[in-house]
Amino acid sequence: MASQNAGKLQVAIVGGGIVGLITALGLLKRNIPVKIYEQASSFREIGAGVAFTANALQCMALVDPVIVDAVNAVATQNGQEGAPPNDYLRYHDGYNWDPNDIEGSDDKLLGLLYSGYKGFQGCHRAALLDELVKYIPSHAVEFRKRFTECKDRGPNERLLLQFSDGTSAEADLIIGCDGIKSKIRQLVLGPENPASYPYFTHKVAYRALIPMERVEPVIGAFKAYNQHMHTGPRAHILHFPVSGGKLLNVVAFAAEPADWPLGDPNGVRNMTSPATRADVAAVFQGWGPTVTKIISLLPDDIDKWAIFDTYDHPAPTYVRGRVCLAGDAAHAAAPHHGAGAGIGVEDGLALCTLLEQATATLSSQTNATTGAVVEAALQVYDAVRPPRSRWLVQSSRSVCDVYEWVHPETGEDWDKCLAEITARSHRLWYFDIDGMLKELRDGYESRFPPSSSSSGVVDAGKFAEGAKGKMDGAVMENVAIGIAT
Ligand SMILES: Cc1cc2nc3c(=O)[nH]c(=O)nc-3n(C[C@H](O)[C@H](O)[C@H](O)COP(=O)(O)OP(=O)(O)OC[C@H]3O[C@@H](n4cnc5c(N)ncnc54)[C@H](O)[C@@H]3O)c2cc1C
């Protein structure tokens with residue numbers, strides 16, 4: 001059996017989605033041995049487009065600048081080719097329109113929210129994954145490994161991960177990046193705990209990618225190549241260009257009063273169900289011409305995605321001993337801030353930072369045991385990360401109510417709506433990353449003060465310097481966000 005004083009940590013990441021991959025890249029960058037155990041036979045992303053908020057991009061640069069390279073390689077700026085990028089999120093009234101002016105009538109612009117230079121660029125999910133995977137060495141991943149159980153064989157032994165194929169693996173700690181139906185969350189919180197499971201938000205998303213050559217003649221170039229949010233009563237539609245402007249990513253959100261049983265906790269398909277363009281048209285019946293035209297572009301058959309989250313039963317902790325949760329496994333949120341993956345990237349940065357400190361302790365303090373060092377690092381993670389990610393879960397629900405004109409404090413008063421959206425978005429985007437890193441480092445050092453000879457920790461400032469050039473064109477840096485209407 002492996003000794004606990006071997007000096008180097010062996011990390012197991014369960015789940016090779018975006019958060020698992022990014023966390024693994026950060027650990028590899030810091031020379032911390034890591035292996036991803038992914039249940040699928042290859043890396044794959046389901047869904048259509050994803051966009052990243054400024055805080056996420058800044059954290060990516062600190063985790064490993066190659067991640068920003070990957071985003072830059074596939075991100076599509078808002079604005080037509082050759083034109084300066086359009087850096088504003090656009091909110092429109094998709095519902096009220098002048099029936100006497102069908103041809104000329106358009107969604108009324110309700111407000112603009114500055115999202116930073118080239119802010120909130122869309123990425124095709126599969127293309128982004130392909131880029132990220134290029135940086136993962138083959139020795140750092142095993143496919144067809146569905147995690148089932150973990151055996152804790154005592155404080156001086158590595159944890160034993162067991163997989164559905166009967167095989168097992170050892171690690172000093174496990175990071176559960178296994179998504180919204182996380183098995184590791186059940187391990188951390190207990191299978192009887194209602195917080196071990198996500199719950200239906202009674203919202204669904206109809207998602208499609210539409211070839212741009214079909215889109216532009218119908219809604220015009222400006223709408224086609226710029227991000228738009230069409231708000232209205234109890235529903236809304238978001239669209240933005242992806243794949244270098246070759247595709248339009250459309251997501252239509254609507255209420256779904258009926259229950260949606262979670263079904264097979266290992267499946268994915270049961271979170272989607274087949275739907276048609278006619279279903280979406282029925283939801284948005286009576287809306288304005290722009291929304292009606294966008295719906296007319298949807299394919300005949302389309303998937304309806306159930307939106308689950310952890311709002312009803314938030315995880316009281318993300319950690320148990322040497323096992324922790326990150327990304328959707330910890331705090332799955334509804335997608336209305338466009339930030340679920342982004343806040344998972346913050347988790348990844350926090351874990352990389354702490355495990356780097358833990359590694360430095362192990363190499364400099366011979367009396368420190370791996371178990372104690374890992375548990376200390378994860379306790380600090382659990383003290384620092386949950387408040388912000390729990391807020392995201394709550395705010396994602398609230399901001400959806402604002403978009404759909406049913407928030408009790410904003411209703412249909414669009415000045416109030418925009419002020420509310422701005423305040424929430426700024427709280428998300430203007431995240432004090434340096435503050436988080438300091439809190440993590442101080443918290444860890446209060447448990448394991450660095451020895452005078454210890455110098456293993458990489459200075460985040462140096463990372464930031466190296467990352468700066470990479471971030472150009474994809475990140476909001478020193479943004480002065482403002483509202484224009
Ligand atoms: C409609 C919609 C739009 C969104 N838009 C955005 C956006 O614009 N920006 C943004 O930041 N976020 C967005 N999100 C949220 C974002 O998609 C998620 O937060 C993110 O994908 C979660 O990543 P993850 O790695 O934590 O989990 P996942 O991507 O779910 O990955 C989990 C991985 O774990 C594997 N796995 C599961 N169980 C096991 C097991 N037992 N053993 C081994 N492997 C296992 C799975 O196969 C999978 O590969 C959106 C979500 C939706 C639904």
Side-chain angles (χ1 to χ4, degrees), residues 12-24 36-57 59-60 71 75 120-125 128-129 132 141-150 161-165 169 174-187 198 201 203-208 227 238 240 242 249-253 264-268 271-272 303-310 325-348 389 392-393 396 400 428:
I13 292 181
V14 173
I18 196 160
V19 177
L21 278 176
I22 284 176
T23 306
I36 300 171
Y37 298 97
E38 166 56 48
Q39 66 181 2
S41 55
S42 63
F43 291 117
R44 65 195 173 128
E45 257 292 340
I46 44 177
V50 64
F52 294 103
T53 53
N55 52 300
L57 286 158
C59 287
M60 284 175 187
V71 173
F120 216 70
Q121 301 185 104
C123 303
H124 189 291
R125 281 183 185 250
L128 175 61
L129 199 77
L132 288 173
V141 58
E142 281 196 45
F143 293 109
R144 297 190 187 85
K145 293 292 171 195
R146 178 183 291 176
F147 170 88
T148 51
E149 278 186 72
C150 166
L161 294 90
Q162 295 186 311
F163 304 103
S164 59
D165 63 359
I174 302 173
I175 305 176
C177 297
D178 50 341
I180 192 161
K181 295 189 200 169
S182 171
K183 189 82 183 166
I184 306 275
R185 190 161 72 238
Q186 294 171 36
L187 173 72
T201 61
K203 295 275 176 197
V204 291
Y206 300 90
R207 303 167 86 176
Q227 189 265 14
L238 171 70
F240 52 84
V242 296
N249 178 53
V250 178
V251 197
F253 293 95
D264 168 19
N266 296 315
V268 168
M271 296 188 80
T272 68
D303 269 344
K304 176 163 82 169
W305 292 64
I307 307 290
F308 280 69
D309 72 6
T310 50
L325 302 168
D328 277 13
H331 43 68
H336 308 296
H337 272 298
I343 212 148
V345 175
E346 294 178 11
D347 293 343
S389 41
L392 177 73
V393 174
S396 297
C400 178
L428 186 62

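Order of listing sets the numbers, starting from 1, for every ligand and every atom in it. FYI, the numbering just counts along the sequence from 1. Here the structure is a predicted model, which is why all the values come from computation and not from measurement.
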Open item on the list: Quick check for you: to the nearest 0.5 Å, what is the distance between H331 atom NE2 and T310 atom OG1?
Closed with: 8.0 Å
Open item on the list: Out of the candidates F147, F163, F143, only one should pair with Y37 under the ring-ring contact (aromatic ring centres under 6.0 Å, His included) rule; please name it.
Closed with: F163
Task: Numbered atoms of ligand 1 (with element) below 4.0 Å of K145, judged on heavy atoms - done: 42 (N), 43 (C)
Open item on the list: Looking at ligand 1, would R125 count as a contact under a 4.0 Å heavy-atom criterion?
Closed with: yes
Open item on the list: Under 4.0 Å from a heavy atom of G338: which atoms of ligand 1 are those, numbered in the order shown and with their elements?
Closed with: 7 (C), 8 (O), 9 (N), 10 (C), 11 (O)
Open item on the list: I'd like to check the salt bridge (charged side-chain N to carboxylate O under 4.0 Å, His left out) partners of D309; sequence neighbours left out, ordered by chain and number.
Closed with: R397
Open item on the list: Counting only nitrogen or oxygen atoms and a 3.5 angstrom limit, does R146 reach ligand 1?
Closed with: no
TODO: Could you tell me which atoms of ligand 1, counted from 1 in the order shown, lie closer than 4.0 angstrom to a heavy atom of V14?
DONE: 42 (N), 43 (C)
Task: Selected option - heavy-atom contact closest to atom 9 (N) of ligand 1, from A341, A51, A306 - done: A51
Task: Sole candidate of K183, R146, R185 that passes side-chain contact (heavy atoms from CB on, under 4.5 Å) when paired with D178 - done: K183
Task: G342: numbered ligand 1 atoms lying under 4.0 Å from its heavy atoms - done: 11 (O)
Task: Side-chain heavy-atom pair M271, I180 within 4.5 angstrom cut-off - done: yes
Task: Closest to atom 32 (C) of ligand 1 among C177, C123, G15, A205 (heavy-atom distance) - done: C177
Task: Under 3.5 Å: donor-acceptor pair, side chain of S182, backbone of A329 - done: no
TODO: Report yes or no: does A339 have a heavy atom closer than 4.0 Å to ligand 1?
DONE: yes
Task: Subset of ligand 1 atoms that lie under 4.0 Å from at least one heavy atom of V50 - done: 6 (C), 7 (C), 8 (O), 9 (N), 10 (C)
Task: Polar proximity ligand 1 side, F147 side, N/O cut 3.5 Å exclusive - done: yes
Task: Student check: side-chain heavy atoms of F43 and L132 closer than 4.5 Å - done: no
Open item on the list: For the 3.5 Å polar cut-off, considering only N or O atoms, please tell me whether G340 and ligand 1 meet it.
Closed with: yes
Open item on the list: Please give me the minimum heavy-atom distance between C59 and V345, naming the atom from each residue.
Closed with: CB-CG1, 3.9 Å
Task: Residue pair K145 / V14, side-chain heavy-atom distance below 4.5 Å - done: no
- [ ] Report yes if some N/O of V19 lies less than 3.5 Å from some N/O of ligand 1; otherwise report no.
- [x] yes
Task: T201 side-chain N/O to I307 backbone N/O, donor-acceptor pair under 3.5 Å - done: yes
TODO: Within a distance under 4.0 Å of any heavy atom of G327, pick out the atoms of ligand 1 and give their elements.
DONE: 26 (O)
- [ ] Tell me, please, which residues at least two apart from A24 pass side-chain contact (heavy atoms from CB on, under 4.5 Å).
- [x] I13, V34, I36, I136
Open item on the list: Suppose I only count heavy atoms of G17 and a 4.0 Å limit; which atoms of ligand 1 are within that range?
Closed with: 25 (O), 29 (O), 31 (O), 33 (C), 49 (O)
TODO: Answer with yes or no whether Y37 contacts ligand 1, where contact means a heavy atom under 4.0 Å from a ligand atom.
DONE: yes
Task: Geometric N/O contact K183 with ligand 1, under 3.5 angstrom - done: no
- [ ] Heavy-atom contacts with R207 under 4.0 Å: which atoms of ligand 1 show up? List them by number with element.
- [x] 1 (C), 2 (C), 3 (C)
